[in-house]
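What follows is a set of notes on a single structure, which appears directly below.
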Amino acid sequence: MAEIVFHRDAEPLLRLPIDRDRFSIGSASTNHLVIPDQELASEEIVVELRANGWWLVDASGRGTRMDATLVRTDAPLSDGAVVTFGNHWSAVFFLSQPTSPGETRRYGISTNERCRHEESDQNLRLTWKADDARRQVNLQPSTTSGIGKDETNTIVVRDRYVSSFHARLVHRRGSWHLSDLGSTNGTFVDGVRVSEAVIEPGMQIRVGETLIETCRNAGDETRPSKHGIITNDPTLLAVLEQIERIGPSEATVTLFGESGTGKELAARAVHDFSARANGPFIPVNCAAISKELMESELFGHEKGAFTGASSARTGAFEEAASGTLFLDEVGELPLDLQSKLLRAIEMKEVRRVGASRPTQVDARIVAATNRDLHSDVRAGRFREDLFYRLYVVPLTLPPLRRRMDDVMLLTRHFLAARSPGRPPSLTDGAKRKLLSHSWPGNVRELKNTIERALLFHRSKVIEDQDITFPEDVALQPEDGTIIVIGKTLEEIELEAISLALRANGGNRRMTAQSLGIARSTLQMKLKEIEPLESSRAG
């Protein structure tokens, strides 16, 4: 039996089974589903079962939008199709969904059908930045949500690189599925372009220049993911509980931990639990910006303050007004900037480069470092007064080697993120190899390791030889050349080109650009390595 789930302004209202070959929807009382909305036609849309499947029929005469297509007459319905009509209404069509009869919620809609509106523990929360403000929406499994510039989408993204109907999120068979709707610039999950992907909390969706973060709704702890951090480790869970307690305060937080342990995710959790959650979250990597530009990056500059300053620019402190400023790798700041940072934190004011007067700022500070700041203070590399100004609420994130029970939990998460549909399984040998590694790069290294395994595995499962670590793959001599152990030149070229092709969605022009070679050279190389690939596959 097919079903339709109806929404008003993206809020789920009603789930209806379709137990007849023709099902009409409109404002007139003669319809099977009556929606008292003057904007709708007497008969707005019809769902019909024909010999070749279910079809959507536009009865309004002005067209009905289905996914990214405007249906003028009729069109076949697919599982999960989203139909939008009027200014407030949408419906999701399911080919086969279980329904319990005998329960109805009307919510202002009159109907002779019986349905069930079900809550689920698999809710999903999305947050993104729009119009310089932080937006948030909570999705339920009965909600199908569009992403795009058109106002009928649940996630409206005003981004010049985003299509009107860019992507769609739908809950099917116990999982959230993200589908690209033929967008011009593509949909990315954790940096990988996808046509369809299973979304788990903690993943990042990018459309155009907009980053959409996913996590479970507040209060839902049925899955091992809190604030985008996936763990069952008691030590890390204790840190997350501390974040929940201190988040609503204005206290400065400093996160300690090795590179790759998830300090930025923890910083975002502090922001999300604060009264500033609707304000901006501005991250600044103090190790990635040159000393000459760092002062301008933090405090801004006036026009003509230095060569190339053709216009005035606000700094990160001003951009983080009413929000949170995240100073990542704060231990890398030079001493002269440390004194200016101290004044900015204590006096809540900054002086732009080239300005004669200070500017008042209002930003909560969350800092992070992988350095031992105690030792840096004793060695004179870090100001003692700044250290104690930052050391109000210190939190330490444990390295992955101290939370080995999370390795397979994270592995399953990364496999699902990178594998649309059913992800490959791991052999016992592959699991042993993952669990015996010391993970000096922590969660970031594990994520990259799983991505390599997915790119290079040859069979239906991931075997131990598919799990490679940096020390297994390459040595870096002082002269800058790269030596790859145990591989021929042809194999290296095959893997490099295959990796680039997959990263660029099979686009050969973009692949050639990323490899720094002419497209004609890429075509020639593909012809050369095709026999090698065939022989290896055989």
Side-chain angles (χ1 to χ4, degrees), residues 10 68 124-137 139 145-169 176 178-197 199 201-215 228 264-265 267-268 271-272 276-285 288-289 293 296-298 300 310-328 363 417-418 444 447 451 500 502-507 509-511 513-514:
L124 191 68
R125 183 173 65 185
L126 305 182
T127 57
W128 72 100
K129 188 177 180 181
D131 300 329
D132 295 324
R134 199 75 178 167
R135 309 290 184 183
Q136 177 178 302
V137 65
L139 305 183
S145 301
I147 303 172
K149 285 193 293 191
D150 192 276
E151 294 292 335
T152 59
N153 290 292
T154 306
I155 299 96
V156 179
V157 180
R158 296 177 178 86
D159 184 322
R160 58 179 176 168
Y161 299 111
V162 171
S163 302
S164 296
F165 297 91
H166 196 104
R168 179 182 69 205
L169 269 168
W176 286 97
L178 175 71
S179 301
D180 181 83
L181 299 178
S183 65
T184 303
N185 294 304
T187 301
F188 296 79
V189 175
D190 285 350
V192 177
R193 185 167 182 169
V194 300
S195 57
E196 182 171 343
I199 300 298
M203 293 181 182
Q204 292 183 329
I205 302 168
R206 182 172 64 80
V207 291
E209 295 180 338
T210 301
L211 194 65
I212 302 172
E213 298 172 352
T214 67
C215 62
E264 182 166 349
L265 283 176
R268 289 182 181 272
H271 173 73
D272 289 341
R276 299 170 176 264
N278 291 327
F281 177 87
I282 305 297
V284 176
N285 189 331
I289 303 171
L293 296 178
S296 172
E297 182 71 23
L298 289 175
S310 57
S311 61
R313 180 186 184 278
T314 58
F317 267 91
E318 291 181 72
E319 291 176 352
S322 301
T324 302
L325 174 59
F326 174 48
L327 300 173
D328 196 10
R418 294 296 192 271
R444 184 182 294 117
K447 181 178 180 180
E451 185 168 340
R502 295 185 189 187
N504 290 287
N507 187 305
R509 179 182 59 80
M510 294 173 62
T511 300
Q513 289 177 347
S514 66

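Computed from heavy atoms alone, side chains included, the values below leave out hydrogens, waters and symmetry copies. Just so it is clear, the model here is predicted, and its values are computed rather than measured.
- For Asp180, the side chain to side chain contact (heavy atoms under 4.5 Å, CB included) criterion is met by His166, Ser183, Thr187, not counting sequence neighbours.
- Contact between Gly148 and Val162 at its shortest, heavy atoms only, is CA-CG1, 3.8 Å.
- Closest approach of Asn153 to Ile147, counting heavy atoms only: OD1-N, 3.4 Å.
- Asp272 contributes no side-chain N or O that, together with a main-chain N or O of Ala277, makes up a donor-acceptor pair within less than 3.5 Å.
- By the side chain to side chain contact (heavy atoms under 4.5 Å, CB included) test, Ala321 pairs with no residue at all, sequence neighbours left out.
- Residues satisfying the ring-ring contact (aromatic ring centres under 6.0 Å, His included) criterion with Phe317, sequence neighbours excluded, are Phe299.
- Residues satisfying the ring-ring contact (aromatic ring centres under 6.0 Å, His included) test with His271, not counting sequence neighbours, are Phe281.
- Atom CG in Leu126 sits 6.0 Å away from atom CD1 in Ile205 (nearest 0.5 Å).
- The shortest side-chain heavy-atom distance between Phe165 and Thr152 falls under the 4.5 Å cut-off.
- Screening residues 312-324 for salt bridge (charged side-chain N to carboxylate O under 4.0 Å, His left out) gives Glu297-Arg313, Glu318-Arg352 as the qualifying pairs, with residues at least two apart or on separate chains.
- Residues Asp159 and Val207 fail the side-chain proximity criterion, which asks for heavy atoms closer than 4.5 Å.
- For the pair Arg268 and Glu264, the salt-bridge criterion is met [side-chain N within less than 4.0 Å of a carboxylate O].
- Looking only at side-chain heavy atoms (C-beta outward), Val284 and Asp328 stay at 4.5 Å or farther from each other.
- Proximity of Leu327 to Asn285: side-chain heavy atoms (C-beta onward) are nowhere separated by under 4.5 Å.
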For this session: Assess whether side chain to side chain contact (heavy atoms under 4.5 Å, CB included) is satisfied between Thr154 and Leu139, documenting all intermediate values.
Result: CA-CA 9 Å; Thr154 306; Leu139 305 183; 4.2 Å; yes
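- No donor-acceptor distance shorter than 3.5 angstrom exists from the side chain of Arg276 to the backbone of Asn278, with no hydrogens or angles considered.
- Separating the CG atom in Leu178 from the CD1 atom in Ile199 is a distance of 4.5 Å, to the nearest 0.5 Å.
- Considering only residues two or more places apart in sequence or on other chains, Arg168 meets the side-chain hydrogen bond (donor to acceptor under 3.5 Å, both in side chains) condition with Asp67.
- Minimum heavy-atom separation, Val156 to Trp128: O-NE1, 3.6 Å.
- How far CZ of Arg160 is from OG1 of Thr210: 11.5 Å, rounded to the nearest 0.5 Å.
- The minimum heavy-atom distance between Ala363 and Ala320, with the atom names listed, is CB-O, 3.6 Å.
- The shortest side-chain heavy-atom distance between Ile155 and Ser145 falls under the 4.5 Å cut-off.
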